[in-house]
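Structure record follows, encoded as structure tokens.
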Amino acid sequence: MLDKTYNPTDVENKLYEKWEKSGAFAAHPESKENPYVIMMPPPNVTGSLHMGHALTFTLQDILVRYNRMTGKDTLWQPGTDHAGIATQMVVERQLGAQNVTRHDLGREKFVEKVWEWKEESGGTITNQLRRLGTSPDWPRERFTMDEGLSSAVRKVFVTLHKQGLIYRDKRLVNWDPKLLTAISDLEVVQKEVKGHYWHFKYPIEGREGEFITVATTRPETMLGDTAVAVHPDDERYQDLIGKYCILPIVGRRIRIVADEYADPEKGSGAVKITPAHDFNDFEVGKRHDLEKINILDDHACINDTAPEEYRGLDRFKVRDLIIARMDEFGLLEKIEDTVHMVPYGDRSNVVIEPYLTDQWFVNAEVLAKPASEAVEDGRIRFVPKNWENTYFEWMRNIQPWCISRQLWWGHRIPAWFGPDGTFFVEETEEEAIAAAKAHYGKDVELNQETDVLDTWFSSALWPFSTLGWPEQTAELGKYYPGDVLVTGFDIIFFWVARMIMMGMHFMDGQVPFRDVYIHALVRDENGQKMSKSKGNVIDPLDLISEYGCDALRMTLTALAAQGRDIKLAASRVEGYRNFATKIWNAARFCEMNECNVIDGFDPKSVKTTLNRWIVGKVAEAAKTVSGSIENYRFNDAAAGAYQFVWGTFCDWYLELAKPVFMGDDADAKAETRATAAWVFDQILLILHPVMPFITEELWAQTSEKHTGLLMAQAWPALADDLIDTGVEAEMDLALRLIGNIRGVRSEMNVPPSAEVPIYLVDATDAMKAAIAAQEAQVKRLARVAVIEFIGADRVESVAKGAIQTVVDGVPVFVSVADFIDIAAEKARLEKEIDKIGKYIKAQEGKLSNERFVSRAPEEIVAAEKAKLADARDTLTKLQEGFDRIAAM
RNA sequence: GGGCGUAUAGCUCAGUUGGUUAGAGCGCUGCCUUCACACGGCAGAGGUCACAAGUUCGAAUCUUGUUACGCCCA
């Protein structure tokens with residue numbers, strides 16, 4: 001006997017272990033089945049499971065479990081990425097607690113420490129994924145720093161370099177002065193900050209007492225100014241173009257240039273130019289061949305190019321000193337308040353400096369072209385489609401990708417420098433030595449580049465590096481390209497675009513996946529993004545502990561409608577926990593009524609209307625769910641399954657089956673038991689992708705005939721011929737009749753204990769047959785004593801003490817003599833008459849419109865006419881009932 | 001400034017090519033401790049589908065504009 005409620009915590013761990021041990025998650029490269037492949041977006045190795053993970057991995061698991069059940073050879077490739085900056089920070093923080101810096105240890109020892117940390121703590125997220133019930137092929141788990149993946153990285157780097165698509169250049173990059181590394185544009189967050197415009201007067205050379213005024217939000221950069229720019233058409237400055245001014249404090253003679261970058265509308269119309277510390281100024285500098293003076297060191301302190309008094313001081317300290325000194329010189333014209341954008345590092349949260357350094361770049365423009373085309377011509381499909389625009393937008397304006405990072409944790413760039421700075425890019429040191437020897441004609445000392453690669457460089461290779469590339473493995477042949485990439489929109493630039501670029505470049509133009517399903521962001525119930533600082537983070541593991549994993553999964557699935565963010569409230573999870581209990585109790589009911597699974601049960605062969613009906617409904621439900629999953633309409637899949645299980649199977653089928661179980665028609669009883677057991681099995685199958693634990697547990701507990709795991713069973717293949725429209729009509733009629741009687745009883749406050757007789761007037765033969773077939777069920781569910789079919793001649797005799805309702809045009813008298821409340825009944829009928837009257841009016845209007853009749857399709861017109869006739873019929877009957885009551 | 005998106009019941013949201021008397025869950029009201037389930041059952045209230053104009057026989061659905069809000073990029 002099953003327990004009274006489902007207890008998720010008891011079963012989840014046990015079942016997960018069983019699944020994992022069984023090997024049911026594994027892909028089978030040797031099999032002949034068609035593959036279904038999802039590359040799991042590798043979570044950050046330092047990460048722990050948050051709601052976004054819970055959503056994305058639930059959806060992926062649904063796709064994977066569903067496709068596995070349909071018989072495909074399914075590979076869900078798991079793994080983590082090494083998260084260069086984040087991981088290095090974690091380990092540095094640990095060392096910091098013991099007052100040790102990474103420099104104390106040295107590079108080699110430090111990297112060893114990171115590996116130690118990874119071995120101990122790196123499994124957190126993958127263990128949490130197990131709690132979510134995910135079913136990836138764990139033995140294939142990969143890490144971006146694995147030897148295999150690292151050799152793929154080296155190969156890609158060297159190849160791209162030899163193709164001229166990776167190059168070394170001195171350019172402005174976003175420099176993080178806290179983490180002491182370059183970061184990519186995407187890792188910079190622009191924040192709106194209240195600041196000031198300081199207006200400085202620069203004296204004009206050779207014109208005593210004349211000045212040109214420039215405004216700046218970053219006064220300290222004036223130490224690196226090498227020009228002042230004005231707009232070429234700006235009449236105020238025509239005579240100054242080509243002249244020089246003297247940079248105060250520094251004393252440098254700098255040119256006044258004409259450049260369209262200067263905006264005459266802004267400030268004074270003149271702008272100071274600091275090519276080494278501003279991206280726009282850098283471009284201006286290139287146009288006018290200006291000197292680039294770098295005034296900062298790695299820590300964003302002022303370096304030795306500046307006057308002595310500022311050297312070694314922090315940039316913001318120097319800002320204050322410069323302002324004070326300018327004021328002292330009488331060169332500070334005014335200070336304006338302003339709001340402007342300031343770049344911050346998304347990891348370090350310090351102000352990022354544009355900084356002139358030697359870095360490695362990928363020429364992304366070349367790689368972006370085929371990657372764009374693949375989406376344009378439909379080889380890759382974004383779902384929902386509108387995300388294509390986001391993708392194109394970025395691809396069209398793509399910038400060189402700075403891939404070098406001044407970190408110790410990551411893939412060290414395979415470039416070796418000779419004594420004169422010439423470098424040799426090779427996959428191994430031996431090859432580099434050989435290349436150097438060929439170049440210099442002798443052995444020289446080589447030093448490997450100290451920089452490592454951006455983490456995204458290695459994750460861009462994920463769709464093929466995990467399959468063994470550059471080796472031509474069986475896996476690579478079978479599982480590339482994958483079927484779908486499932487991820488959030490925030491990662492389209494970081495990762496999706498780069499995987500497409502790298503995949504196509506290294507896999508003979510073959511795309512890495514066919515679909516990109518972009519899901520929503522999970523927000524809190526007020527629509528706020530969850531963040532630690534706001535304190536509105538909901539931990540998925542807490543929800544799992546409280547409500548069970550299946551409840552959480554079902555909630556996320558039901559809310560995962562395309563194109564809309566998910567606002568998550570715990571009350572929703574509670575609701576789906578209740579759903580799990582409902583399923584559990586339905587199983588219990590089946591068990592108590594000896595609904596045993598029958599070998600070789602054929603749903604097509606069932607005889608009773610009730611059983612034929614539910615069999616058809618199962619076929620419909622299975623189709624709804626599979627169709628929805630295949631179209632990434634997860635909310636429809638969840639709603640369809642929920643509606644069927646609760647609204648159809650529990651609310652109707654099981655209730656209607658009760659009189660059969662308690663009756664004495666042995667054949668009907670046996671058939672209904674067998675059918676109920678079969679339907680319940682189908683429910684377990686249909687729900688399994690979304691709610692794997694409870695379904696697997698019930699599979700184990702409900703029948704000894706259930707051998708093997710539910711997760712390894714085949715998805716229901718139910719033909720449409722199980723749907724019998726005649727039976728459906730018959731059942732619908734019975735359900736409508738029950739509904740109407742219940743409505744009457746409820747409005748008249750007839751107590752449930754009172755069983756009442758009902759009379760149907762002039763019912764058609766078909767109707768009589770249908771209701772006779774469902775007699776016991778109608779009696780039970782509507783608490784009816786007897787059902788009698790009468791002719792119109794007997795209406796007067798039954799009408800007294802009865803309430804009338806109309807079902808399909810047939811008057812139904814419900815004898816509620818003792819409970820009748822004439823006023824209430826009049827009100828009830830009036831309301832119904834009013835409602836249907838309004839409808840009739842609207843229909844008449846529609847049908848008397850000649851243009852509707854002549855232009856609308858014939859079948860629509862016919863349908864509308866039929867609806868009007870039905871409504872008129874019902875109105876007449878209700879009116880008769882009302883008149884009768886009024887006469888009492 | 002450019003782009004994308006959203007406005008439907010008290011709340012959170014469905015509503016796929018225009019043809020419904022606009023749905024669900026939660027919440028709310030009334031009744032019911034009926035032999036699976038009170039994490040339950042039955043019944044019910046609640047919406048001029050943001051606003052305005054247009055296309056159409058017909059608009060929550062298509063077009064344009066207005067308003068409000070959100071996100072991304074500059």
Side-chain angles (χ1 to χ4, degrees), chain A residues 1-2 4-6 185-186 190 341 384 386-390 392-394 397 489-490 492-493 520-521 523 525-529 547-548 551 555 558-593 595 627-628 631 633 635-636 638-640 642-643 646-647 650-651 654-655 657-658 661-662 738-739 741-753 780-783 835-836 838-840 842-843 845-857 859-861 863-864 867 870-871:
Chain A
M1 180 72 177
L2 290 167
K4 197 169 171 183
T5 52
Y6 167 58
D185 295 346
L186 299 173
Q190 301 288 339
M341 296 303 244
N386 50 294
W387 289 111
E388 285 179 0
N389 293 327
T390 305
F392 288 139
E393 171 66 17
W394 194 64
N397 302 309
F489 65 85
D490 48 338
I492 292 176
F493 307 138
L521 228 58
R523 300 170 178 279
E525 55 191 310
N526 302 314
Q528 298 286 308
K529 205 167 169 172
Y547 300 108
T555 306
L559 294 177
Q562 287 184 9
R564 193 184 266 272
D565 281 346
I566 292 179
K567 292 179 193 162
L568 186 73
S571 63
R572 290 301 296 257
V573 189
E574 191 183 340
Y576 290 109
R577 186 272 320 265
N578 297 351
F579 178 57
T581 308
K582 188 76 182 175
I583 299 165
W584 189 263
N585 278 286
R588 220 167 148 247
F589 175 80
C590 290
E591 186 184 37
M592 292 166 88
N593 286 285
C595 301
S628 300
N631 289 301
R633 303 191 64 96
N635 59 318
D636 289 343
Y642 184 96
Q643 163 57 33
W646 200 319
C650 292
D651 285 351
L654 292 184
E655 290 302 327
K658 282 176 182 174
F661 292 147
M662 284 183 290
I738 291 167
I741 299 168
R742 280 171 168 175
V744 168
R745 296 181 62 113
S746 182
E747 301 233 11
M748 291 298 119
N749 283 317
V750 179
S753 54
R780 183 189 156 86
L781 293 193
R783 315 282 303 152
K835 192 176 158 194
I836 202 143
K838 275 186 189 151
Y839 177 64
I840 288 170
Q843 284 303 98
K846 190 184 265 186
L847 285 160
S848 64
N849 181 342
E850 197 173 324
R851 286 189 302 182
F852 171 72
V853 181
S854 59
R855 296 198 199 185
E859 64 271 22
I860 298 283
V861 177
E864 296 300 316
K867 281 194 236 167
D870 285 353

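Everything quoted here is computed from the prediction, not taken from an experiment. All values below come from the heavy atoms of this structure, side chains included, with hydrogens, waters and symmetry mates left out.
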Parallel, tilted or perpendicular: which describes the rings of A/Y6 and A/W584, with under 30° parallel and over 60° perpendicular? tilted

Please report the distance, rounded to the nearest Å, between CZ in A/F392 and P in B/rC73. 18 Å

Give me the distance, rounded to whole Å, that separates B/rG10 from B/rA53 when you measure between the C1' atoms they each carry. 32 Å

Treating primed atoms plus P, OP1 and OP2 as sugar-phosphate and everything else as base, which nucleotides of nucleotides 26-47 of chain B get B, S or - for protein heavy atoms under 4.0 Å? ----------BB-BSSSS-S--

Using whole Å, report how far CG of A/L559 lies from C1' of B/rU12. 8 Å

On a whole-Å scale, what distance lies between the P atoms belonging to B/rC37 and B/rA50? 44 Å

Using the C1' atom on both, measure B/rU6 against B/rA43 and round to a whole Å. 35 Å

Roughly how many Å is it from CH2 in A/W387 to C1' in B/rC4, rounded to a whole number? 7 Å

Mind checking the C1' distance from B/rU33 to B/rA68? Whole angstroms is fine. 49 Å

Identify, with sequence neighbours excluded, every residue that meets salt bridge (charged side-chain N to carboxylate O under 4.0 Å, His left out) alongside A/R588. none

Please identify each residue that fulfils salt bridge (charged side-chain N to carboxylate O under 4.0 Å, His left out) with A/R780, with sequence neighbours left out. none

Residues forming a side-chain hydrogen bond (donor to acceptor under 3.5 Å, both in side chains) with A/E655, sequence neighbours excluded: A/K658

For A/E393, give me all partners under salt bridge (charged side-chain N to carboxylate O under 4.0 Å, His left out), at least two apart in sequence or on another chain. none

Set of side-chain hydrogen bond (donor to acceptor under 3.5 Å, both in side chains) partners for A/K867, sequence neighbours left out: A/E864

Test item: A/V861 and A/L847 side chains (from C-beta on) under 4.5 Å apart, heavy atoms: yes

Pairwise P distance for B/rU64 and B/rG25, with rounding to whole Å: 36 Å

B/rU29 and B/rG23: how far apart are their P atoms, nearest whole angstrom? 24 Å

State which residues pass side-chain hydrogen bond (donor to acceptor under 3.5 Å, both in side chains) with A/E388; sequence neighbours excluded, sorted by chain then number. A/K385

Structure string for RNA chain B in dot-bracket form, Watson-Crick and G-U at under 3.5 Å, | interchain: (((((((..((((.....[...)))).(((((.......))))).....(((((..]....)))))))))))).

When rounded to the nearest Å, what value does the distance between P atoms of B/rU56 and B/rA14 take? 31 Å

Which whole number of Å gives the distance between the P atom of B/rG47 and that of B/rU8? 15 Å

How would you list, by chain and number, every residue that makes a ring-ring contact (aromatic ring centres under 6.0 Å, His included) with A/F589, sequence neighbours excluded? none

Do any N or O atoms of the protein come closer than 3.5 Å to N or O atoms of nucleotides 16-23 of chain B, and which pairs are they?
none

If the condition is salt bridge (charged side-chain N to carboxylate O under 4.0 Å, His left out), which residues does A/R577 pass it with, not counting sequence neighbours? A/E574

For A/N635, all residues meeting side-chain hydrogen bond (donor to acceptor under 3.5 Å, both in side chains), sequence neighbours excluded: none

Separation of A/N397 atom CG from B/rG3 atom P, in whole Å? 13 Å

A/T390 vs A/N849, nearer the 5' end of RNA chain B by closest nucleotide: A/N849

When you match A/Q643 and A/V853 each to their closest nucleotide on RNA chain B, which lands nearer the 5' end? A/Q643

Whole-Å distance between B/rG2 P and A/N389 CG? 16 Å

Within the 6.0 Å centroid threshold, strictly below: A/F579 and A/Y642: yes

